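Working notes, beginning with the structure itself.
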Amino acid sequence: MHEFWSTQPVPQGEKEAQEGPLEKKTVDDVPKSPYPIASVLEWWVPDVLESEDDLRQIYELLRDNYVEDDDSMFRFNYSHAFLKWALTPPGYVKEWHVAVRRKNDKSVVAFISGIPIDIAVKPSAGGDAEVRKMCEINFLCIHKRLREKKLAPILIKEVTRRVNVLDIWQAVYTAGIVLPTPFTSAQYFHRSLNPEKLVAIRFSRIPPQYEKFQNPMQMMKRNYAVPNAPAVRGFREMEAGDVPAVKSILNASLAKFSVAPTFTEEEVHHWLLPREGVVFSFVVADSNNVATDFVSFYSLPSTVIGNSKYNELNAAYTYYYSANTVPIKVLMGDVLSAAKAKGFDVVNTLDILDNKEFLQDLKFGPGDGNLHYYFYNWGYPIVQPKSVGLVML
Ligand SMILES: CCCCCCCCCCCCCC(=O)SCCNC(=O)CCNC(=O)[C@H](O)C(C)(C)COP(=O)(O)OP(=O)(O)OC[C@H]1O[C@@H](n2cnc3c(N)ncnc32)[C@H](O)[C@@H]1OP(=O)(O)O
Ligand SMILES: CC(C)Cc1ccc2ncccc2c1NS(=O)(=O)c1ccc(CCCCC2CCN(C)CC2)cc1
């Protein structure tokens, strides 16, 4: 059971692992050359920032081989611009974008990414959080034709080596599957904005509770209708001038959670300023035009697999927020209006952060997916998802 993960510094599910590092090594212990790989394959570092063609190759691998839901109805289709944004935050390390190509035709067959992140972790016994420089791992993907050949552990060992060699010894990551050993498990929830399209894609017929109506689809549309203008006075798109205020209110909000990132001003600028078709952010400004509240969401479309009428689902995912002068339920209501106005079909979210405070009133329903959160080389007690303030793209 877990031939690879049983060899790794992760909690192995026996008694509660002690908090903190599970193994201690130094840079001198780290191999200086790349992990050995099959002779028909080669390691490759794409230049996602400067080479559109390198970015396109990573985009296409993920478009055709990345995460699907259990019923293979949807597959994530992160856009070029989204991947460039997600992979190149301030201080990113190019070599942590680890790809594998076939030597003969240079086709990309696998990928895994790491980016730097400062994580504040609160000891379970209480007390101040410890801020730790970690690596955030994402986009692990192996071409469908190369699955179940133990290539994933090789990718994981190589990215670990490239992170360790820079004296970083912890990582944080999430997955839709259970591995040794989650420190929390969150549930997906979704909110229809375009019920007609969702019904056409997901069900052959309208949900039974609507059958009793004379015109069921009309009733669904009415049930999921949202205002076409924001309710909150002073609600507007975030601008560069808001960065200092957003940094301070967001860091203050995230400090409440047991596990959450901390953001520098540069990181607020990169992660939270609006980017067309990628990330959308808004502030509530007071009479001096100073941001008192903040809310954001990102665009992650999914390919609809095998549906005659639609081939793409436009999904928005709730991102970071700081609700201070208005309840998060009111702020997120304006997110639904903004997402509808921008043509999104559904808003997805998780029961992390304070999200439980709006799920019911804003008509979110449970999805059929879970998101499990993990540390690498850091023992931590199991906490509830509402104690977690980390959103992973
Ligand atoms: C200090 C720095 C540390 C940095 C590293 C920190 C750790 C980062 C860890 C990665 C975080 C990724 C975060 C995300 O991106 S989660 C998203 C993962 N990607 C997908 O689901 C896309 C579609 N699936 C695929 O591309 C493949 O099925 C993948 C690549 C997922 C596995 O390929 P394949 O199906 O061909 O299998 P194999 O024969 O090569 O290898 C089998 C071994 O791999 C273990 N496995 C399977 N799925 C995952 C998974 N999602 N995380 C970790 N391990 C996984 C599995 O338990 C088994 O080990 P063991 O059970 O026998 O022991
Ligand atoms: C009601 C559905 C239409 C909602 C929905 C929409 C688009 C989806 N696209 C792909 C997969 C599922 C989709 C879905 N159903 S769902 O219940 O919200 C759901 C089910 C399953 C997943 C996959 C597990 C998370 C994979 C993680 C995501 C985070 N990342 C950092 C690592 C990989 C995500 C979302």
Side-chain angles (χ1 to χ4, degrees), residues 1-10 12 21 23 25 30 61-62 64-78 86 96 98 109-114 133-180 186-192 194 197-199 201-203 300-305 312-317 345-350 364-378 390-393:
M1 186 67 169
H2 295 308
E3 198 181 308
F4 167 67
W5 279 112
S6 60
T7 71
Q8 297 298 295
V10 292
Q12 298 292 335
E23 73 177 12
K25 296 199 285 186
V30 181
L61 173 79
L62 297 173
D64 302 337
N65 302 279
Y66 197 48
V67 178
E68 298 173 9
D69 64 308
D70 289 346
D71 307 327
S72 288
M73 289 174 65
F74 306 105
R75 184 166 52 246
F76 286 149
N77 185 11
Y78 290 88
W96 291 4
V98 183
V109 296
F111 184 65
I112 189 168
S113 72
K133 196 160 280 302
M134 296 192 182
C135 172
E136 183 181 87
I137 296 289
N138 204 344
F139 303 116
L140 169 60
C141 183
I142 293 179
H143 196 286
K144 285 174 183 260
R145 285 205 298 269
L146 277 179
R147 294 278 171 85
E148 308 196 352
K149 297 174 181 304
K150 305 294 181 198
L151 188 52
I154 294 174
L155 278 154
I156 294 166
K157 287 178 197 172
E158 177 58 10
V159 74
T160 301
R161 187 190 68 81
R162 298 186 188 189
V163 174
N164 288 166
V165 85
L166 296 181
D167 203 21
I168 291 174
W169 303 94
Q170 274 73 40
V172 62
Y173 52 102
T174 57
I177 62 167
V178 179
L179 299 158
Q187 186 179 1
Y188 277 95
F189 290 81
H190 52 83
R191 206 285 186 186
S192 283
N194 182 351
K197 181 169 175 181
L198 277 183
V199 165
I201 291 171
R202 292 180 78 211
F203 320 101
L300 169 49
S302 281
T303 301
V304 179
I305 303 167
E312 183 137 283
L313 180 69
N314 262 319
Y317 289 73
D345 300 316
V346 64
V347 178
N348 281 353
T349 195
L350 291 152
F364 281 81
D368 52 20
N370 294 295
L371 190 63
H372 307 281
Y373 282 70
Y374 304 93
F375 284 127
Y376 183 93
N377 191 25
W378 191 269
L390 172 65
V391 181
M392 291 217 37
L393 301 172

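Treat the numbers as computed from the prediction; the structure is a model and nothing was measured. Read the numbers this way: they start at 1 and go in the same order the structure lists the ligands and their atoms. Each residue takes its place number in the sequence, starting with 1.
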Rounded to the nearest 0.5 Å, what separation is found between the NZ atom of Lys197 and the CG atom of Leu313?
-> 6.0 Å
Quick one: look up the protein heavy atom nearest atom 27 (C) of ligand 2 and list residue, atom name and how far away it is.
-> Leu371 CD1, 3.7 Å
At under 4.0 Å between heavy atoms, which part of Tyr376 makes contact with ligand 1: side chain, backbone, both or neither?
-> side chain
Heavy-atom pair of closest approach, residues Phe364 and Val347 = CE2-O, 3.4 Å
Gap between atom CG of Leu300 and atom CG of Leu393 - 0.5 Å precision | 9.0 Å
Decide whether the shortest distance between a heavy atom of Val10 and an atom of ligand 1 is less than 4.0 Å.
-> no
Polar-atom distance check: Glu148 versus ligand 1, any N or O pair below 3.5 Å?
-> yes
Relative to the heavy atoms of Gly367, which atoms of ligand 2 are at a distance of less than 4.0 Å?
-> 17 (O)
Taking salt bridge (Lys or Arg N to Asp or Glu O under 4.0 Å) as the test, write out the residues that go with Arg202, two or more places apart.
-> none
Could you establish whether Leu313 and ligand 2 come within less than 4.0 Å of each other, counting only heavy atoms on the residue side?
-> yes
Identity and distance of the protein heavy atom lying nearest atom 12 (C) of ligand 2 | Asp69 CB, 3.6 Å
Number the atoms of ligand 2 from 1 as they appear, then name those within less than 4.0 Å of a heavy atom of Gly369, with their elements.
-> 17 (O), 20 (C), 21 (C)
Please work out which of Leu179, Leu62, Ile142 has its closest non-hydrogen atom nearest to atom 52 (N) of ligand 1.
-> Leu179
closest protein heavy atom to atom 18 (O) of ligand 2 is Asn348 ND2, 3.5 Å
Taking Asn377 for the side chain and Trp169 for the main chain, is one N or O donor matched with an acceptor at less than 3.5 Å?
-> yes
Look up atom 4 (C) of ligand 1 and tell me if a protein heavy atom lies less than 4.0 Å from it?
-> yes
Within-shell test, Cys135 vs ligand 1, heavy atom, strictly < 4.0 Å | no
What about Ala175: any of its N or O atoms under 3.5 Å from an N or O on ligand 1?
-> no
Polar contact flag for Asn138 and ligand 1 (N/O pairs, less than 3.5 Å) | no
Distance to 0.1 Å, residue and atom name: give those for the protein heavy atom nearest to atom 15 (N) of ligand 2.
-> Asp368 OD1, 3.9 Å
Any chance you could measure Asp64, atom CG, to His143, atom NE2, to the nearest 0.5 Å?
-> 7.0 Å
How does Tyr374 reach ligand 1, by side chain, by backbone, by both or by neither, if only non-hydrogen atoms under 4.0 Å count?
-> neither
Identify the protein heavy atom lying closest to atom 31 (C) of ligand 1, giving its residue, its atom name and the separation to 0.1 Å.
-> Leu140 CD2, 4.2 Å
Heavy-atom proximity to atom 13 (C) of ligand 2, best of Tyr373, Tyr78, Phe74 = Phe74
For ligand 2, which atoms sit closer than 4.0 Å to a heavy atom of His190?
-> 1 (C)
Within-cutoff protein neighbour (heavy atom, under 4.0 Å) for atom 58 (C) of ligand 1 = no
Is there at least one protein heavy-atom neighbour under 4.0 Å from atom 29 (C) of ligand 1?
-> no
Which of parallel (below 30°), tilted (30 to 60°) and perpendicular (above 60°) describes Tyr173 and Tyr374?
-> parallel
Select the closest option to atom 23 (C) of ligand 2 among Val67, Ile201, Ile137, judged by heavy-atom distance.
-> Val67
So how far is it from Asn370 CG to Thr174 OG1, rounded to the nearest 0.5 Å?
-> 12.0 Å
Note: heavy atom closest to atom 13 (C) of ligand 1, options Thr174, Leu166, Leu61, Thr160, belongs to Thr174
Protein heavy-atom partner closest to atom 31 (C) of ligand 2 - residue, atom, separation in Å = Leu393 O, 2.9 Å
Taking only heavy atoms of Thr174 into account, list the atoms of ligand 2 that are under 4.0 Å away from them.
-> 29 (C), 30 (N), 31 (C), 32 (C)
Give a yes or no on whether the backbone of Trp5 and the side-chain of Gln12 come within a donor-acceptor separation of less than 3.5 Å.
-> yes
Region of Val163 engaging ligand 1 - heavy atom pairs below 4.0 Å = side chain
Report the nearest protein non-hydrogen atom to atom 49 (C) of ligand 1: residue, atom name, distance rounded to 0.1 Å.
-> Ile177 CD1, 3.9 Å
Which bit of Tyr173 gets closer than 4.0 Å to ligand 1, counting heavy atoms only: side chain, backbone, both or neither?
-> side chain
Of the backbone atoms (N, CA, C, O) and the side-chain heavy atoms from C-beta on, which set of Asn65 has a member under 4.0 Å from an atom of ligand 1: side chain, backbone, both, or neither?
-> backbone
Honestly, for Met1 the part within reach of ligand 1 (heavy atoms, under 4.0 Å) is neither
Per the side chain to side chain contact (heavy atoms under 4.5 Å, CB included) rule, which among Asn65, Ile305, Leu62 passes with Arg75?
-> Ile305
Among protein heavy atoms, which lies nearest atom 10 (C) of ligand 2, and at what distance?
-> Phe76 CE2, 3.4 Å
Which residue owns the protein heavy atom closest to atom 28 (C) of ligand 2, what's the atom, and how far is it?
-> Tyr188 OH, 3.5 Å
Could you list which atoms of ligand 2 come closer than 4.0 Å to a heavy atom of Gly176?
-> 24 (C)
Do side-chain atoms of Arg147 reach the backbone of Ile142 as a donor and acceptor pair under 3.5 angstrom?
-> yes
Which atoms of ligand 2 have any heavy atom of Arg202 under 4.0 Å away?
-> 1 (C), 3 (C)
Judging by distance only, is a nitrogen or oxygen of Trp5 under 3.5 angstrom from one on ligand 1?
-> yes
Exam field: side chain Tyr376 to backbone Thr160, donor-acceptor pair closer than 3.5 Å | no
Rounded to the nearest 0.5 Å, what's the gap from CG on Asn138 to CE on Met392? Could you check?
-> 4.5 Å
Distance from atom 9 (N) of ligand 2 to nearest protein heavy atom, with residue and atom = Ser302 OG, 2.8 Å
Is there at least one pair of N or O atoms, one from Ile112 and one from ligand 1, spaced under 3.5 Å apart?
-> no
Between Val346, Thr349, Asp368, which is the residue that forms a side chain to side chain contact (heavy atoms under 4.5 Å, CB included) with His190?
-> Val346
